[in-house]
Amino acid sequence: MELYNRPAHELQRLLQRKDISCRELTESVLRRADAVDSSVCAYLTRLNDQALEQADAIDERIAAGEAITPFMGIPLALKDNLCTDGIETTCASRILKGFRPPYDATVVHKLRKTNAIFVGKTNLDEFAMGSSTENSAFFPTRNPWNTSTVPGGSSGGSTAAVAAGAAIAALGSDTGGSIRQPASFCGVVGMKPTYGRVSRYGLIAFASSLDQIGPITHDVTDCAHLLNVISGHDPMDSTSIDQPVPDYGAFLIPEVKGLRVGVPREFFAQGVEPPVADAVWKAIRLLEEKGAVVEECSTPCAEYGLPVYYIIAPAEASSNLARYDGVQYGHRTAEDVDVVGLYQKTRKEGFGHEVKHRIMLGTYALSSGYYDAYYLKASRVRTLIKQDFERAFQKHDVLICPTCPTVAFTLGEKTGDPLQMKLSDVCTIPVNIAGLPGISLPCGFHEGLPIGLQIIGKPLDEGTIFRTAYAYEQATEWHSQRAPL
Amino acid sequence: MFLTREQVERVALLARLELEERELEKSMGELNQILEHFERLEELNTEAIEPTSHAISMVNVLRDDRLKPSLPRDKVLANAPESVGGGFRVPRVVET
């Protein structure tokens, strides 16, 4: 297998044995990105020169006898809503075109400390609002498995980059499924950690009570190792959890005897296509054969996740996005107007349609006289959804269901029908609403397009998710397949 | 129909968004569609349910009140569309 298509833990071994140099590896990924990105369009910004400089510096350290740690010298991609010091960060929005953050996001800082190499910044739906990466203000990204289909979203640039071999791994962010759904569509592994497990400092905010950064990788081993690197309490994010982080690598054991697996039936009802349901059930049966105890269960309120999300997320977004007013950074209107006109025209020119729509919805839901009927009602139902999961986790260690009701859809197929587009997130949204960790990993194909298996865990129990996912992965071959580009 | 055209205009002003006629019509349609979808929640009796604003319950997080360096001014102002005298430049907000 070409270097650019291999998982980081294999590359780490090759680097350690000096079978390859970091420069060779980096050049392999950069050349691959050059070759495929004109058709995949995963990257908004490429960092070739810095990447090669970093690679040479790491080769010197390896030559001097330094031990290789996970992700040292590994070429990674960053979603373009993660602040990178001095490197343009746009959120795929015209309003942030040219913005060069004065600091690194905490996760970026942690990756720099671990000596990872940055290939570039990846495309997304503008401000992470969308499920197909078609809402980027610049261009849509395409799915490496079939470039007439979408990669999913909003982290579609990151998942497409990994699936295409244009990065070994990547970071994305997940507010309602934005890591797991595109991971499912692109046939890679993607995890949304427990809310608060990973610092959000320097992640450009969309919906602060739901946003979480997570890893996107070729396999479960890389996912666990990358989560090790980015997790932990951060004084700069007061919602990050101040508890010790276990070594997730220690959970990579292909052993599920006695593991209690719940199968929430509501997650199979909502428009899940039969080939998707079949592949997920096959995966569940496989775990059962390996000793897991499988039982159907019910989370009756999860089906209200979508309407709850479409009040809470825009409400928080309308507040978070008030900062884009043409004063401190980003676009400012060229028209000569008073101060309110400056805000209105700057925002009119800078935001795309979907972003404006969600700001409008959120502003209305929070406005005087409507707050109780919308935001407060949604927050109460949020409690019910959370309680459903708490009950389910009294009897089960993990819950397993599809990541998404369908495989990747065709570009343009759902852009005219916002509700259809949102249904794509129906299985992932309740997990954000309850703040739980969830992973998506490949479990089959339908018409040449990957199907994703979702495993949901208890708060801060990413470890059991990794154990379950690893046991499944080691018994199957899906993770070693690569897109036919 | 939940939102009239007048209300949509009011919300746009609150949100400091200028919408063109075409956008206003489209926005009204989409907002009404979502709010209709939201009506489903009326099936649930939530009177006795406490709202959740954060999934993981937390108490206030405080830090020591100590001076520490902040971002360098020139680096911050480098992103400003217009700056003057070490500050952000905005249109006149005070009547003379």
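A quick note: this is a predicted structure, and the numbers were derived from the prediction, not measured. Chain letters run A, B, ... following the sequence lines, proteins first, then strands; residues in each count from 1.
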Is a salt bridge present between Arg332(A) and Glu82(B), judged by a nitrogen-to-oxygen distance below 4.0 Å? yes
For Glu9(B), look at atom CD and say whether over 12 heavy atoms of other residues, nucleotides or ligands are found less than 6.0 Å away. yes
Side chain, backbone, both or neither: which part of Lys356(A) has a heavy atom under 4.5 Å from chain B? both
Could you state the interatomic distance from CZ (Arg40(B)) to CG (Leu306(A)), rounded to the nearest 0.5 Å? 9.0 Å
Side chain, backbone, both or neither of Val93(B) within contact of chain A (heavy atoms, under 4.5 Å): side chain
Checking heavy atoms, do the side chain of Tyr324(A), its backbone, both or neither come under 4.5 Å from chain B? neither
Part of Leu342(A) within contact of chain B (heavy atom distance under 4.5 Å): side chain
Under the side chain to side chain contact (heavy atoms under 4.5 Å, CB included) rule, what do Leu41(B) and Arg380(A) come out as? Steps first, then yes or no, please. CA-CA 10 Å; Leu41(B) 298 190; Arg380(A) 291 186 200 276; over 6 Å; no
Just do the side chain to side chain donor-acceptor pair (under 3.5 Å) check on Glu43(B) and Tyr304(A) with the steps written out, would you? CA-CA 10 Å; Glu43(B) 298 163 22; Tyr304(A) 298 99; 2.6 Å; yes
Lys/Arg N to Asp/Glu carboxylate O, Lys348(A) vs Glu20(B), below 4.0 Å: yes
Are the side chains of Asn79(B) and Arg100(A) in touch, meaning some heavy atoms are under 4.5 Å apart? yes
Gap separating the CD atom of Gln344(A) from the CD atom of Glu18(B), nearest 0.5 angstrom: 6.0 Å
Check: Pro81(B) and Val327(A) side chains under 4.5 Å, non-hydrogen atoms: no
Under 4.5 Å from a heavy atom of chain B, the part of Glu349(A) involved: neither
Answer yes or no: is there a side-chain heavy-atom contact under 4.5 Å between Tyr364(A) and Leu35(B)? yes
Do any N or O atoms from the side chain of Asp338(A) and from the backbone of Pro91(B) form a donor-acceptor pair under 3.5 angstrom? no
How close do Leu17(B) and Arg347(A) get, counting heavy atoms only, and between which atoms? CD2-CB, 3.8 Å
Working to the nearest 0.5 angstrom, can you tell me the gap between Gln328(A) CD and Ser83(B) OG? 12.0 Å
With heavy-atom distances below 4.5 Å as the criterion, would you say the side chains of Tyr103(A) and Lys75(B) are in contact? no
With ring centroids as reference points, do Phe38(B) and Tyr310(A) lie under 6.0 angstrom apart? no
Under 4.5 Å from any heavy atom of chain B - which part of Tyr374(A): both
Min side-chain heavy-atom separation Met360(A)-Glu23(B) under 4.5 Å: no
Working to the nearest 0.5 Å, report the span between CZ of Arg382(A) and CD1 of Ile49(B). 15.0 Å
Separation between CD1 of Ile433(A) and OG1 of Thr52(B), rounded to the nearest 0.5 Å: 10.5 Å
Distance check, rounded to the nearest 0.5 Å: Ile34(B) atom CD1 versus Arg358(A) atom CZ? 8.0 Å
